[in-house]
Amino acid sequence: MSEKKKMRSEASSSSSNSNSITAGNDSVVVDVGRRRSPCGYCKSGGPTSISHGLWARSLTVDDYQALLDRGWRRSGCFLYKPEMEKTCCPSYTIRLKANDFVPSKEQRRVLNRMQRFLDGTLDKSSDELMDATDTSGDSQITTSSQSRSLAATKSLAGNLEEKYKTEPLIPHMESQIDNAVHVCIESGDLSSDFQFPKASVKKVAPAKRKLSTEGSEDLLFTSSISFQIAATLRRQRKGVEHEKSSQLGAGERGQAADTPKVIAATLATHLNSLAESLGLLVRACNGHINFYSSERRVDKDAIVSSHNESKQSSSGSCSKESFSSTAHENHELKKRRFEVRLKRSSFDPEEYSLYRRYQIRVHNDSPDEVAESSYRRFLVDTPLIFVPPSGDLTVPPCGFGSFHQQYLIDGRLVAVGVIDILPKCLSSKYLFWDPDLAFLSLGKYSAHQEIRWVTQNQVHCPSLQYYYLGYYIHSCNKMRYKAAYRPSELLCPLRYQEGELENQKAVEAQKVKFGRRRREEHIAQDEEMLRWVPFDAAKPLLDMKSYMVLSDFATQNGQPLPPSNLENYEERNDQQHFHGSNDIFVGEDEEMDEFNYEDSDEELVAESSNIHLPKVEDKDVGSILIGLKEVRLRYKDLRQAFGSGERRYMETQLHRYTRAVGAELSERMVYSLG
């Protein structure tokens, strides 16, 4: 019999003779221990990603809020927290105070683009992308020549995809760009004093190709190496003092020559032979090195125009008056109706259909990988206990719990945000959207809507203050867009573990200075300052090392560190993802493989004899609330029911559990044994 089964059997026989705590709407969790797996961020291949996991059978919103503030996240009913000192890619919880949010230039541009699209004034190609998805009425009527033209367009796109397989081609292109950089160094076009980064080439998504070029060729690949080279030169130049005035003019000329646009143009001239050998065209465009198909694509505008003429002729002759009336009606219909609906988390076939299209087209999942069961487990199932509205300024009108925020245009579902609404925050979990509307950057747009929702609902629930964006991983480029939502702050990976001790010190310190009310206010402020560090202060530290105890360095001689230079931070990181494709990842948590946990009974017993745990008083472990079927008991009431080996095993688990969730939550949540 395994250790766990022995404990359950012995605890069950003991529970009938102990005083139990009545079961109710409690948080009930099952501790599944440490998880080791390959990392999806750094692509390590080995089991370098390490986290602690809990299954939540039920969870109050207050307890989940407290877990968020200790670095936890959820995937369906599964809770996980990176072991920051050990995992390969430390993940910092990042949040934003909604009232303080200042949208960047790029974020305002996204809002304006959406408004133009709804008003019908956006570029015609955008309208065609929207209209092409409308399958109603006369939109299905085409002549045979138009059908052939549309088929030719699709065939050309398919041939290009087949012709330019990315796996063997992209590494070759990156190698050739690196060679071009060396040629520029040898010719004196680039300085030979620096080590430049390796080139990275990215494939351009089909939905963005027409929006990315004014020509009639398809844009297939792009590289932002020019921005990286320019950034390297700027960083190195800051450390050089120009002592000789005679060198000043040369320095200014050098700076002008080191802009991304100039560097891209220089490199593009050395890549013409590469492009010709691949049947491509190469051009420098706003600092990017773009590779286009040498084949000209079919003009979709001509197809649409021909299609409209066919519709008019198929309806017979019409007078000038009727034609004018039709044109006027079409102009009126260009305005689109936009709706946002908030509904409690539940399975919706229309949402699932949109999710499948998003995963297959945006994340390149195979249809078999996007099963309904995994969708339900990941984005529908929730352990959060719903709290209905109370009308007393403690709960918003929608209540607390898990929700799906639907975005509809003209009644058609175009995006879904999966969110948790908690006492202090809106926590963004995942977003999926219509791939045909990639040009609208719905990820960035939805983030703005969620921040706006928090500010609007503070009148109903003043405790709602924050917008949580999930995890921030400084070493992962696709996560860095989150820092563009400013002013943000990161959760210190250590200080929340010492919250009880620091809080007690703060209480004693404040007793002398302030009255009770002011003392409580100052203690709360001190606790927040210990746990949360402004991103401006954290960024220079994370630039040096991926894991840092941020609050140890957040002040210098009692003064805040100078803010890092975040000007154009979002735009610089957008260069890594062509045309703002980083909006894909807003609110995204990687789906966890909940079953890939390695803490077997044998491993835990062995670990209990080898690891050096910090000393924890028996009374602290004894206060942990244990659940066995419908009975709730404190561990101190069960302790004598175990033999020495089982007790040692159990207390090893409880020590680890307490360190992961904190002493206060360990006494409040139910640690389930079965």
Legend entry - Value rounded to 0.5 Å, distance of CG in D119 from CE in M114: 11.5 Å
Legend entry - Any side-chain heavy-atom pair of L280 and Y292 under 4.5 Å: no
Legend entry - N272 side chain reached by V282 side chain, heavy atoms, under 4.5 Å: yes
Legend entry - ring pair (Phe, Tyr, Trp, His ring centres under 6.0 Å) between Y445 and F117, worked out: CA-CA 13 Å; Y445 184 81; F117 178 73; over 10 Å; no
Inset, instruction - Check step by step if side chain to side chain contact (heavy atoms under 4.5 Å, CB included) holds for T222 and I289. - result: CA-CA 6 Å; T222 187; I289 301 174; over 6 Å; no
Inset, instruction - Using a 4.5 Å cut-off on heavy atoms from C-beta on, say whether the side chain of L440 contacts that of V110. - result: no
Legend entry - Pairwise distance CD1(I419) to OH(Y468) - rounded to 0.5 angstrom: 15.0 Å
Inset, instruction - Of all the heavy-atom pairs spanning G417 and E450, show the shortest one and how long it is. - result: CA-OE2, 4.4 Å
Legend entry - Sub-4.5 Å side-chain heavy-atom contact between L220 and V204: no
Legend entry - Ring-face cation of R95 near Y467 (centre distance under 6.0 Å, axis angle within 45°): no
Inset, instruction - Taking side chain to side chain contact (heavy atoms under 4.5 Å, CB included) as the test, write out the residues that go with D365, two or more places apart. - result: Q359, H363, E369, V370
Inset, instruction - For residues C184 and L267, determine if any side-chain heavy atom of one lies less than 4.5 Å from a side-chain heavy atom of the other. - result: yes
Inset, instruction - Nearest 0.5 Å please: distance from the CG atom of L281 over to the OG atom of S293. - result: 7.5 Å
Legend entry - Minimum side-chain heavy-atom gap L96-P487 below 4.5 Å: yes
Inset, instruction - Return yes if some donor-acceptor pair links the side-chain N/O of S91 with the main-chain N/O of C89 below 3.5 Å, else return no. - result: yes
Legend entry - Test item: S175 side-chain N/O and H172 main-chain N/O as donor-acceptor pair under 3.5 Å: no
Inset, instruction - Take Y430 and F378 through the ring pair (Phe, Tyr, Trp, His ring centres under 6.0 Å) test and state the conclusion after the steps. - result: CA-CA 10 Å; Y430 201 80; F378 179 35; 5.1 Å; yes
Legend entry - E489 bridged to K97 by N-O distance under 4.0 Å: no
Inset, instruction - Examine the side chains of D543 and H474 and answer whether a donor and an acceptor come within less than 3.5 Å of each other. - result: yes
Inset, instruction - Flag the pair E351 / Y375 as yes when at least one side-chain heavy-atom distance between them is below 4.5 Å, and no otherwise. - result: yes
Inset, instruction - Drop me the distance from F196's CZ to T232's OG1, to the nearest 0.5 angstrom. - result: 6.5 Å
Inset, instruction - Could you pull out all residues at least two apart from E83 that satisfy side chain to side chain contact (heavy atoms under 4.5 Å, CB included)? - result: R34, I50, H52, K86
Legend entry - T93 side chain vs L491 backbone, donor-acceptor pair below 3.5 Å: no
Inset, instruction - Classify the side-chain pair R73/S427 by whether it contains a donor and acceptor separated by less than 3.5 Å. - result: yes
Inset, instruction - List for me each residue that meets side chain to side chain contact (heavy atoms under 4.5 Å, CB included) alongside N364, sequence neighbours excluded, and say none if there are none. - result: none
Inset, instruction - Say whether, by atom type as modelled, one donor and one acceptor occur between the side chain of S446 and the main chain of L442 under 3.5 angstrom. - result: yes
Legend entry - Interatomic spacing from CG in L437 to CD1 in I409 - rounded to 0.5 Å: 6.0 Å
Inset, instruction - Could you walk me through whether S441 and R113 pass the side-chain hydrogen bond (donor to acceptor under 3.5 Å, both in side chains) test, one step at a time? - result: CA-CA 9 Å; S441 301; R113 186 189 307 137; 3.2 Å; yes
Inset, instruction - To the nearest 0.5 angstrom, please state how far the NZ atom of K261 sits from the CD1 atom of I263. - result: 13.0 Å
Legend entry - Check ion pair D100-R486 (N to O, under 4.0 angstrom): no
Inset, instruction - Run the salt-bridge test on K198 and E174 with the 4.0 Å N-O cut-off and return the result as yes or no. - result: no
Inset, instruction - Take the angle between the ring planes of Y355 and F432 and call it parallel below 30°, perpendicular above 60°, tilted in between. - result: perpendicular
Inset, instruction - Report the C-alpha distance between T87 and T48 in whole Å, list the side-chain angles of each, state the deciding distance to 0.1 Å, and finish with yes or no for side chain to side chain contact (heavy atoms under 4.5 Å, CB included). - result: CA-CA 6 Å; T87 192; T48 58; over 6 Å; no
Inset, instruction - Could you please spell out the steps behind the side chain to side chain contact (heavy atoms under 4.5 Å, CB included) verdict for S223 and I177? - result: CA-CA 9 Å; S223 175; I177 294 176; 4.0 Å; yes
Inset, instruction - Would you name the heavy atoms of G71 and K81 that are closest together and state the gap between them? - result: O-CG, 3.7 Å
Inset, instruction - For side chain to side chain contact (heavy atoms under 4.5 Å, CB included), just list the numbers for Y92 and V533, CA-CA rounded to whole Å, side-chain angles, deciding distance to a tenth of an Å, and then say yes or no. - result: CA-CA 11 Å; Y92 297 84; V533 177; over 6 Å; no
Inset, instruction - Indicate the atoms forming the closest heavy-atom contact of C88 with C39, along with that distance. - result: SG-CB, 3.4 Å
Inset, instruction - Would you please indicate yes or no on a ring centroid separation below 6.0 angstrom for F227 and H288? - result: yes
Inset, instruction - Would you please indicate yes or no on a ring centroid separation below 6.0 angstrom for W433 and Y358? - result: yes
Inset, instruction - Tell me whether the centres of the aromatic rings in F535 and Y472 are closer together than 6.0 Å. - result: yes
Inset, instruction - State whether the side chain of K482 and the backbone N or O of I94 hold a donor-acceptor pair below 3.5 Å, judged by distance alone. - result: no
Legend entry - K444 and Y481, any side-chain heavy atoms less than 4.5 Å apart: no
Inset, instruction - Look only at the side chain of Q107 and the backbone of S104, and say whether a donor-acceptor pair between them is shorter than 3.5 Å. - result: yes
Inset, instruction - Kindly indicate whether a cation-pi arrangement holds for R35 with Y80, taking the cut-offs as under 6.0 Å to the six-membered ring centre and within 45° of the axis. - result: no
